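Down below is the structure, laid out as structure tokens.
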2 protein chains.
Amino acid sequence: MEEIASRAPSIRDVAQAAGVSTATVSRTLTTPDVVSKSTREAVFAAIEATGYRVNLAARNLRKRETGAIAVLVPNLANPFFSRILAGIAEVMMEAELNVLIADTKPTAGGEHSFPEYVRQNHVDGIIVLDGKLRHEKLLDRGSPDIRAPMVFACEWIASIGRPVVTVDNQEASVRAVQHLLKLGHRKIGHICGPQENVLSSSRLEGALGAMQSVGLRMKPDWIYPGDFSLQSGAEAAKQWVRSDDRPTAVFAACDEMALGFMGELMRRKVRVPRDVSVVGFDDLEMAAHFVPALTTVHQPRATMGRAAARMLLERMRMRPEDRVAGPAPRIILPVKLAERESTAPPPG
Amino acid sequence: MEEIASRAPSIRDVAQAAGVSTATVSRTLTTPDVVSKSTREAVFAAIEATGYRVNLAARNLRKRETGAIAVLVPNLANPFFSRILAGIAEVMMEAELNVLIADTKPTAGGEHSFPEYVRQNHVDGIIVLDGKLRHEKLLDRGSPDIRAPMVFACEWIASIGRPVVTVDNQEASVRAVQHLLKLGHRKIGHICGPQENVLSSSRLEGALGAMQSVGLRMKPDWIYPGDFSLQSGAEAAKQWVRSDDRPTAVFAACDEMALGFMGELMRRKVRVPRDVSVVGFDDLEMAAHFVPALTTVHQPRATMGRAAARMLLERMRMRPEDRVAGPAPRIILPVKLAERESTAPPPG
DNA sequence: ATCCTGCATGTAATCGATTACAAGATAGAA
DNA sequence: TTCTATCTTGTAATCGATTACATGCAGGAT
């Protein structure tokens, strides 16, 4: 017996059905304690009867809010980000904010795509997981005081002073390399992340630093280029195989590359960890299921997402002028090394 | 020299700056051809000068639209969905619609979460990738004619007559099993997807049917329960190892389970494909990089996402009364079997 | 000169919810 | 009884953009 309505019921329909004014209906919804019990019940009954749903566009227009936050992800296809997103979504759902997810992966044109709703301030806040976006794009969003607050997570852009939630990439890399050193490796290589990425450089620096502090150097040949993809890990493996003077252990800047590296090696009958040890970074689900299971730096991905979300909520509650005052906060989450089967003492 | 404004510039500010009415500004933005060249230029200059951005809440309120569509994903952490999302995002960005992504994975409470913005008709359309949602939730969104159109992709709910974009899961499974039969396998097992899932049942049926059509049966012991996770694939492997009468080939309902299965087997010194052949379903990136590379049914994921998005756009343009008339369209995309290293003739 | 046509623009109503302010009702105090 | 305090409710302005309708003007036809 569903009634056919030409348009969705509005607050006026509810008001009429309950025999009150629209103001009372609105108050019943937003501040129930200021209306009398009897009217409250009448209004709720009318809402039930009419099937009324608040029109968010109208509410947002009036309240000068949008009720949504945006998350900019460098590459949705990379499983690394999904857990972080889940953490963000969890917190934001509780705060009754919608989450818009945008993949900023460069399109055919080569330019990083950038949704209009971010540029046009159509969100109340922004979480950026992409450290490669162009500065202007992120900052060209009107004058600072009407700009939606922004926080970085995982990656960040050093020249933009905004809060960051991340792990100590350098320290984590030091620990990964120290693990290899402790096993007796002296010839250690590194598969890098994409250039001009803060993660790539700090992980490389950490690795180099750990070597240096025990008086070792990393041969330039052992520093393989990469872009965080399985494919680039496989490329590094081909390069490793071709070489005369091979590292006995390789630390990859992410698990995907580590897995791609191991896969290609094993396909060429190189055994891990007997012939070469491999350490990754991230601890994807797959890392523990691969054979051999990958020794890797565990990142608390869901925790990072939740922390970034909470940080953003806090910034959204601040007055705009307070946001720019003082240094941007920085949350560094702890990491641990998950020691599994892909590392062992060097051969010979 | 950025000017400090207490609020974002509105269309009135632009109108004032350009010396025209708000109507003219609006027309310049939406139908530039009806305003004269000179005013058009003046308005654009004023927009530039004021840093004006359309207020979407106001526009949507007036136009009775929301400018967004929602995608309901069963589990964002599963890499299978990311490519589909990328396909959807690509088409929707072109159509200037925002994409809201919601993970419907059951929360601690056990109930599938369901964002308010879907329930409350705060989107112009919905793409559902989750076939396990409760019917009422999807349909309890007001009377049919004011309801946002909905299409299913990949998974669907048989009792809800809405357009579907998918592959022929049954046929694909038949082909996967035929491949094993052709190699000489007679004892073939299957790792199932979660119960009460259309994909699980049609893939199982396809497998059983292929066996049956050559006069073979699948022993109940060879039908392993699963839930599309790596872990459940590993569990199946433990079961396989324990058994006396083992299948010589196993067809898994998804790649994650196939990889989890192979990983656990190899960890127990069972060799793939020498001791047992494995076929997956989906063709994740990882499938080709695993060792051995996984033979699997390739799903055109990005294509599926794009097709679903275009289908939804089409439905959004239809008049509501036309949407309910006639049967819901159904797009079946072709699949192909990617034959790789995880399958070989049975041992002995 | 007069009228008509068509283009460019302005006026003002509208979308649906929120909220400052006013006003009415009720109860208790003096 | 009268006045005040408190609680509840209604009136109407407002948020910012869109658009139906009205108006004004230029140029051509008669």
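Note on naming: letters A, B, ... go to the chains in the order of the sequence lines (proteins, then strands), and numbering restarts at 1 for each one. Source: prediction; values computed, not measured.
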Modelled atom types, side-chain donor and acceptor of T66(B) and D124(B), under 3.5 Å
yes
Given that V25(A) and R62(B) both sit by DNA chain C, which one's nearest nucleotide is further toward the 5' end?
R62(B)
Let me know which of M150(A), R330(A), M311(A) forms a side chain to side chain contact (heavy atoms under 4.5 Å, CB included) with P163(A).
M311(A)
Taking atom CZ of F152(A) and atom CG of L312(A), what is their separation to the nearest 0.5 Å?
12.0 Å
Should the pair K132(A)-E196(A) be classified as a salt bridge under the 4.0 Å nitrogen-to-oxygen rule?
no
Bounded by its outermost nucleotides with an atom under 4.0 Å from a heavy atom of chain A, the footprint on DNA chain C reads dC15(C) to dA20(C)
Quick check on E65(A): does its CD atom have over 12 non-hydrogen neighbours (other residues, nucleotides or ligands) under 6.0 Å away?
yes
Ignoring backbone atoms, test whether T24(A) places a side-chain nitrogen or oxygen under 4.0 Å from the OP1 or OP2 oxygen of dG10(D).
yes
Other residues, nucleotides, ligands: >12 heavy atoms within 6.0 Å of R306(B) CZ
yes
Can a salt bridge be assigned to the pair K37(B) and E41(B) using a cut-off of 4.0 Å between side-chain N and carboxylate O?
yes
List the atom of V73(B), the atom of I101(B), and the distance in Å for their closest heavy-atom pair.
CG2-CG2, 3.9 Å
Near-strand residues of residues 26-45 of chain A, defined as heavy-atom separation under 4.0 angstrom from DNA chain C:
S26(A), R27(A), T30(A)
